[in-house]
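In what follows, a single structure is set out as structure tokens and then discussed.
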Protein chains: 2
Amino acid sequence: MPAARKPSPLPAHPASLANVVDTVDTSFLETLMGYNARRASLAIVEVFMVRMAPYGLRIVDFSVLSLVGRNPGITSRQLCGTLGVLPPNLVGIVGQLEKRQLLARQPHPHDGRATGLHLTPQGQTLVAHAEATAAELELEATARLTAAERRTLMRLLQKIYRPEPA
Amino acid sequence: MPAARKPSPLPAHPASLANVVDTVDTSFLETLMGYNARRASLAIVEVFMVRMAPYGLRIVDFSVLSLVGRNPGITSRQLCGTLGVLPPNLVGIVGQLEKRQLLARQPHPHDGRATGLHLTPQGQTLVAHAEATAAELELEATARLTAAERRTLMRLLQKIYRPEPA
DNA sequence: TATTGTTATACTCTATAACTATA
DNA sequence: TATAGTTATAGAGTATAACAATA
């Protein structure tokens, strides 16, 4: 059966009657973009968590390491702004990764308040493998999509969350 | 600038150098479907929460009321299965909605262990307004999409999270 | 005066164990 | 024995307030 476009009509049964539900009708919720986006997001996130577990990385850990790898010297504030994590909550995340010797802090060249973050050699190795796994996992989690559909989906999703392009 | 398809190459700078990041490069994360789906989902959810606040409904409350409205007599277990909420966590949700007299419990006709849930007249009125608001909000949150793009996006998202159709 | 990084803490959400009543 | 609903509780994630050091 293809995706229902229209929700079922509201049931005519009075609320006082004792009804039994055979199969749950979710057709209305399925007309909502938020419902579909959330369900799809959770489905991918689930696969992501499983595949990152062997590296001992949660999604936020992966995101931090990947961003530090591609932005050597990035500050905690910049990470917070990019990932939507509040500063007090990033402290522990960075602290753990530092304790695992995956990243290191270095004094910021121009700003004595800030600290620049860099990957250690171990961090570089780990993030390279983790990013390769993430790229593989992409295809796995969207296995029912063609390459063209994948590109289309990516573009439409970005149209939702990205600010109006200049 | 259009959506970047390819991530930037890894920086050549050694990790021991003190670098400064001007603008954060997120191009790799943006190649990941999970990242895009999560960002888009959060963007919509944010609007959803704001627009549901006047009704005193969180997203899960809205989902429960909408499902009960379209599935009179639905049980807690069925709600849990549909929404991915664990039974102990649904107790408080249903309890609050019952206390607000938006829904009522009735004995299940065939199963003495179960309880059928029904909307009260107040619940029916509230959910009708909330669903109308949700439908409006859909267009608001996806304002940069055409109607055709919205249908395409919906279909592709469902292709990700829905089990293989029979 | 504003900002970076931090501590302490509170609140919400999610998860687990165990109980009761019924099937 | 298994299931529906419930209680109590633990854990993760997310939020606010306040502080020291630096701009």
Side-chain angles (χ1 to χ4, degrees), chain A residues 18-22 24 38-39 41-42 45-46 48-50 52-53 56-64 68 71 73-99 103-118, chain B residues 18 20-21 24 38-39 41-42 45-46 48-50 52-53 56-64 68 71 73-99 103-118:
Chain A
N19 299 300
V20 174
V21 173
D22 180 15
V24 179
R38 184 169 159 73
R39 289 290 301 260
S41 169
L42 290 178
V45 159
E46 206 169 296
F48 208 100
M49 289 195 301
V50 171
M52 285 300 141
L57 299 178
R58 294 165 303 168
I59 294 183
V60 68
D61 299 319
F62 171 84
S63 306
V64 165
V68 172
N71 300 271
I74 192 173
T75 67
S76 291
R77 281 285 155 164
Q78 289 176 309
L79 281 175
C80 286
T82 305
L83 295 175
V85 175
L86 291 171
N89 299 330
L90 191 70
V91 174
I93 296 167
V94 168
Q96 271 189 301
L97 295 173
E98 191 186 21
K99 194 177 292 176
L103 54 79
R105 298 170 209 245
Q106 299 204 339
H108 191 283
H110 310 324
D111 190 335
R113 297 167 302 180
T115 325
L117 299 173
H118 299 262
Chain B
V20 175
V21 173
V24 178
R38 183 168 159 73
R39 289 290 300 262
S41 170
L42 289 178
V45 159
E46 208 169 291
F48 207 101
M49 289 195 301
V50 171
M52 284 300 141
L57 299 179
R58 294 166 303 170
I59 294 183
V60 67
D61 299 318
F62 171 85
S63 306
V64 165
V68 172
N71 300 272
I74 192 173
T75 67
S76 291
R77 279 286 154 163
Q78 288 176 310
L79 281 175
C80 286
T82 305
L83 295 174
V85 175
L86 292 171
N89 299 331
L90 191 70
V91 174
I93 296 166
V94 168
Q96 271 188 300
L97 296 173
E98 192 186 22
K99 194 178 293 176
L103 55 77
R105 298 169 208 245
Q106 300 204 339
H108 192 284
H110 310 326
D111 190 336
R113 297 168 302 180
T115 325
L117 299 173
H118 299 262

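Letters A, B, ... mirror the listed sequences (proteins, then strands); counts begin at 1.
- Residues passing the side chain to side chain contact (heavy atoms under 4.5 Å, CB included) test with A/V24 are A/V21, A/T26, B/L67, B/N71, B/I74, B/Q78, B/T82, sequence neighbours excluded.
- A heavy-atom distance below 4.5 Å is found between the side chains of B/V64 and B/L103.
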With the sugar-phosphate defined as primed atoms, P, OP1 and OP2, and the base as all remaining atoms, what B/S/- string results for nucleotides 10-15 of chain C, 5' to 3', for protein heavy atoms under 4.0 Å? ---SBB
Distances for protein N or O near nucleotides 20-23 of chain D N or O, under 3.5 Å:
| unit_1 | atom_1 | unit_2 | atom_2 | d |
| --- | --- | --- | --- | --- |
| D/dA23 | OP1 | A/G112 | N | 2.7 |

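- Rounded to a whole Å, the CD1 atom of A/I59 is 13 Å from the C1' atom of D/dG13.
- Scanning for side chain to side chain donor-acceptor pair (under 3.5 Å) contacts around B/D111 gives B/R113, with sequence neighbours left out.
- Checked against side chain to side chain donor-acceptor pair (under 3.5 Å), A/E98 has the following partners two or more places apart in sequence or in another chain: A/R105.
- Atom NE2 in B/H108 sits roughly 10 Å away from atom P in D/dA4 (whole-Å rounding).
- Residue A/Q106 contributes atom CD, which lies 17 Å from atom C1' of C/dG5 at whole-angstrom precision.
- For the segment residues 91-99 of chain A, residues with any heavy atom less than 4.0 angstrom from an atom of DNA chain C are, sorted by number, A/V91.
- Minimum heavy-atom separation, B/S76 to B/L117: OG-CD1, 4.3 Å.
- To the nearest angstrom, P of C/dG5 lies 9 Å from CZ of A/R105.
- Remark: B/L42 engages B/R38 in a side chain to side chain contact (heavy atoms under 4.5 Å, CB included) (not counting sequence neighbours).
- Under the side chain to side chain contact (heavy atoms under 4.5 Å, CB included) criterion, A/P109 pairs with B/A18, B/V20, not counting sequence neighbours.
- Here the closest heavy-atom approach between residue A/N19 and residue B/H118 is recorded as ND2-CE1, 3.6 Å.
- Atom CZ of A/R77 and atom P of C/dT6 are 10 Å apart (whole Å).
- B/R77 pairs by the side chain to side chain donor-acceptor pair (under 3.5 Å) definition with nothing, not counting sequence neighbours.
- The two residues A/F48 and A/I59 have their closest heavy-atom pair at CD2-CG1, 3.7 Å.
- Minimum interatomic distance between A/Q106 and A/T115 (heavy atoms only, all atoms of both residues): O-CG2, 3.5 Å.
- Distance A/L79 CG to C/dT6 P: 12 Å, rounded to the nearest Å.
- Atom CE of B/M49 and atom C1' of D/dT14 are 11 Å apart (whole Å).
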